[in-house]
A.B. asks: 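My structure is below; once you've seen it, I'll send some questions.
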Amino acid sequence: AATYEKVHVWMTDWSLTDDQNNKLPRTYTTYRALKGGLFELIDKAIEDYATAVAEAEKKIATTEMASDDSKLRKTS
């Protein structure tokens with residue numbers, strides 16, 4: 001259930017359609033009905049993206065801290 005919740009939160013829209021080309025709803029029922037490893041592919045893509053975002057944020061924070069330290073040294 002937590003995996004479905006994560007996908008629902010991170011994926012705000014999609015273009016997945018049924019055989020009649022109707023856009024499928026983003027619901028837990030639809031997620032559970034996905035076949036052929038499709039949900040697992042979606043989940044992995046979201047996990048990879050979330051990891052990349054976290055790493056980028058950490059890098060930005062580290063860069064900002066180093067910049068702040070450098071400014072402090074110049075004013076001392």
Side-chain angles (χ1 to χ4, degrees):
T3 301
Y4 293 124
E5 181 65 26
K6 176 182 64 177
V7 168
H8 195 72
V9 167
W10 278 86
M11 188 169 52
T12 59
D13 196 13
W14 68 4
S15 58
L16 193 61
T17 59
D18 63 14
D19 294 340
Q20 286 78 41
N21 209 29
N22 297 313
K23 188 173 176 181
L24 294 172
R26 284 184 329 104
T27 64
Y28 301 113
T29 302
T30 302
Y31 300 153
R32 285 191 290 272
L34 294 174
K35 303 279 191 247
L38 183 57
F39 183 81
E40 288 78 12
L41 287 172
I42 292 169
D43 182 47
K44 175 145 178 28
I46 289 171
E47 189 64 36
D48 291 348
Y49 178 75
T51 299
V53 167
E55 289 173 2
E57 288 174 345
K58 188 185 305 181
K59 188 175 183 178
I60 290 168
T62 301
T63 302
E64 287 174 350
M65 286 189 321
S67 176
D68 289 345
D69 286 348
S70 175
K71 288 177 188 173
L72 287 173
R73 282 189 220 118
K74 287 181 183 176
T75 60
S76 300

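When a residue number appears, it is its place in the shown sequence, counting from 1.
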A.B. asks: Does some side-chain heavy atom of Arg26 sit less than 4.5 Å from a side-chain heavy atom of Thr30?
C.D. replies: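 Sidechains of Arg26 and Thr30: no contact.
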A.B. asks: Test: side chain to side chain donor-acceptor pair (under 3.5 Å). Region: residues 37-49. Which pairs qualify, not counting sequence neighbours?
C.D. replies: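 Pairs touching residues 37-49 that pass the test: Lys6-Asp43, Lys6-Glu47, Lys44-Asp48.
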A.B. asks: Mind checking the OG1-CD1 spacing from Thr3 to Ile42? Nearest 0.5 Å is all I need.
C.D. replies: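 If I round to the nearest 0.5 Å, the distance is 12.5 Å.
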A.B. asks: Side-chain heavy atoms under 4.5 angstrom apart, residues restricted to Ile, Leu, Val, Met, Phe, Trp, Tyr: same cluster for Val53 and Val7?
C.D. replies: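 Result: yes, single cluster for both.
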A.B. asks: Can you tell me how far apart CD1 (Ile60) and CD (Glu57) are? Round to the nearest 0.5 Å.
C.D. replies: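 It comes to 7.0 Å.
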A.B. asks: Which heavy atom of Trp14 sits nearest a heavy atom of Lys23, and at what distance?
C.D. replies: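 For Trp14 versus Lys23, the nearest heavy atoms are O-CE, 2.6 Å.
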A.B. asks: Counting only heavy atoms not in Asp19, do more than 12 sit closer than 6.0 Å to its CG atom?
C.D. replies: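 Atom CG in Asp19 is not packed in, count stays at 12 or less.
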A.B. asks: Quick check: Trp10 with Tyr4 (ring centres under 6.0 Å apart)?
C.D. replies: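 No: the rings miss the under 6.0 Å criterion.
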A.B. asks: Is it true that the NZ or CZ of Arg32 lies under 6.0 Å from the centre of Phe39's six-membered ring and within 45 degrees of the ring axis?
C.D. replies: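 Verdict for Phe39: no cation-pi partner in Arg32.
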A.B. asks: Is there side-chain contact between Thr17 and Asn22, with heavy atoms separated by less than 4.5 Å?
C.D. replies: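 Thr17 does not reach Asn22 side chain to side chain.
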A.B. asks: In Å, rounded to the nearest 0.5 Å, how long is the span from NZ of Lys58 to OG1 of Thr63?
C.D. replies: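 With rounding to 0.5 Å, NZ (Lys58) is 12.5 Å from OG1 (Thr63).
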A.B. asks: Indicate, with yes or no, if Tyr31 and Leu16 share a hydrophobic cluster defined by side-chain heavy-atom contacts under 4.5 Å among Ile, Leu, Val, Met, Phe, Trp and Tyr.
C.D. replies: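 Leu16 clusters together with Tyr31.
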